[in-house]
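All values below come from the heavy atoms of this structure, side chains included, with hydrogens, waters and symmetry mates left out. These numbers come from a predicted model, not from an experiment.
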Amino acid sequence: MTDEQRLSVKEKVGYALGDAASNFFFQFFGLFLVFYYTDVAGLSAAAVGTMMLVTRMFDAVTDPLMGVLADRTRTRWGRFRPWLLWMCIPYAVIGVAMFMMPDWSPNAKLAYAYVTYSAMMLAYTAINVPYSALMGVMSDSSQERTRLSSFRFVAAFGAGMLISYFALDLKDALGGGDDRVGFMWTMAIFAVLSVICFLITFKTTKERVEPPVSESSKSVWADFGLLLRCSPWVILFFVSLFNLTSFMVRNGAQIYYFKYVVGDESAAKWFMTAGMIAAMVGIALAPRITAILGKRTAMIYMSGIAAVINLSFFILPTSEYSLLLTMNILSALIGAPAGAIIWAMYADTADLIEWEHGRRLTGLVYAGVLFAIKMGVAFGGAFIGWLLAWYGFVPNEDPSDKAVLGIRIAFAIVPALISFLAVISLLMYRLTDKKVIEIEEELKVRRSACEDGA
């Protein structure tokens with residue numbers, strides 16, 4: 001790895017703050033959005049689940065188009081960085097608007113949810129596709145990108161920790177007993193922090209990996225074809241889809257689990273916060289783990305073990321809070337690094353496509369990732385809503401035994417089974433770390449030759 005491609009700690013931290021910005025929203029939505037829609041806004045669980053799935057159909061178009069657009073963006077700031085500057089304020093404003101649900105009729109409130117949630121996902125696409133792709137062009141070293149991904153996810157779970165620890169207390173303090181007002185102002189605080197973090201990322205990062213000179217002659221459809229023929233990328237797409245679906249089902253069910261099963265909503269605060277801290281520790285260890293096991297093997301073991309731990313929550317006694325806390329810490333410590341590692345693996349597939357076809361499709365590669373993530377969010381939210389409705393859940397009422405069973409299934413069994421699908425997918429992944437290093441070296445030679453011939 002050349003000195004030019006080695007990233008400073010300042011740049012790594014600067015880049016990582018962009019994921020903190022994203023996760024002030026992503027983690028907040030994962031933990032509280034379905035709960036807000038059902039228990040605060042008064043929407044039915046089934047309607048919320050359907051909304052989250054239906055609105056994601058548009059992402060099949062908008063996400064890849066954003067990837068194509070980002071790959072073809074040309075500014076003095078680069079291809080991907082300017083989108084952070086252009087989109088951070090619209091992103092923040094729409095996020096707050098989601099939690100400003102008017103006191104309208106049920107159908108009108110549902111329509112408002114459809115419009116604001118769809119607008120939020122569009123803004124999320126416009127800023128997070130370029131942000132994610134930025135990692136793939138900051139360095140041409142897979143090893144350095146793995147380190148960068150670890151920084152990124154420590155910041156992501158750091159943002160999640162702040163939300164876990166402060167969100168419910170802020171909601172109560174700022175709302176004065178009105179959860180509708182409390183959630184709105186709490187989201188506003190995290191929206192301001194998000195804008196600040198994105199601006200720091202824009203200021204402190206640099207794009208270094210330049211695409212081959214001949215790229216502009218290729219069509220959009222040719223780019224899609226190359227992406228879909230890259231089997232390692234396709235496999236990672238499904239791994240992300242399964243992982244995010246599992247993550248969203250479990251996170252979304254947490255607040256219900258503690259409010260209606262454990263019987264103490266406030267106990268969720270330390271449960272979630274401890275999990276976030278453990279996740280940060282695990283992610284910090286990710287580069288060392290992958291150096292020993294390799295990225296694919298590390299992902300398989302960590303995802304599988306975490307799934308087994310999560311499955312155990314179906315039978316753990318809810319009266320033993322210390323046991324619940326300990327098992328959650330173990331799950332996060334072991335499972336969270338997988339989320340950081342997979343982002344570095346996506347950058348490896350961008351290298352593979354360039355090596356095989358002479359095309360650098362970083363934006364499109366990460367647009368596909370974001371589509372998988374948002375589909376996971378959609379499926380996760382839909383599963384929660386549909387499960388709660390199927391088992392007769394009624395917001396803000398003492399749950400029946402059937403409703404308690406449904407919440408337990410949503411919190412433990414469904415996430416674990418979906419995680420096992422991710423493990424099965426990873427068993428088919430064949431792009432080894434050794435091959436990635438060979439590809440890196442050959443690409444460096446090619447790029448050097450292009451520069452010398454320019």
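- Heavy atoms from other residues, nucleotides or ligands lying under 6.0 Å from CD1 of I89 number 12 at most.
- Within a 6.0 Å radius of CH2 in W185, no more than 12 heavy atoms belonging to other residues, nucleotides or ligands are found.
- Looking at S331, its side chain never comes within 3.5 Å of a backbone N or O of M327 through a donor-acceptor pair.
- Taking the six-membered ring for Trp and thresholds of 30 and 60 degrees, W83 and W86 have ring planes more than 60 degrees apart, a perpendicular arrangement.
- Considering every non-hydrogen atom in both F420 and G304, the closest pair reads CE2-O, 4.0 Å.
- Proximity of the aromatic rings of Y124 and F25 is defined here by a centroid distance below 6.0 angstrom, and this criterion is not met.
- Side chain of R81 to main chain of T205: a donor-acceptor pair is present (N/O by atom type, distance under 3.5 Å, no hydrogens or angles).
- Proximity of the aromatic rings of F99 and F28 is defined here by a centroid distance below 6.0 angstrom, and this criterion is met.
- A donor-acceptor pair under 3.5 Å is absent between the side-chain atoms of R79 and the main chain of A70, judged by distance alone.
- Neither side chain, T55 nor S118, offers a donor N or O lying under 3.5 Å from an acceptor on the other.
- Applying the 6.0 Å contact sphere to OH of Y301 captures no more than 12 heavy atoms from other residues, nucleotides or ligands.
- Contact annotation: the side chain of I127 approaches that of C88 to within less than 4.5 Å [non-hydrogen atoms, C-beta and beyond].
- Screening residues 363-378 for salt bridge (Lys or Arg N to Asp or Glu O under 4.0 Å) gives D59-K374, D63-K374 as the qualifying pairs, with residues at least two apart or on separate chains.
- Within the structure, every pair that satisfies the side-chain hydrogen bond (donor to acceptor under 3.5 Å, both in side chains) test and touches residues 231-241, not counting sequence neighbours, is listed here: S240-Y346.
- Counting heavy atoms of neighbouring residues, nucleotides and ligands inside a 6.0 Å radius, atom NZ of K206 does not exceed 12 of them.
- The stretch residues 14-25 participates, sequence neighbours left out, in these salt bridge (Lys or Arg N to Asp or Glu O under 4.0 Å) pairs: D19-R152.
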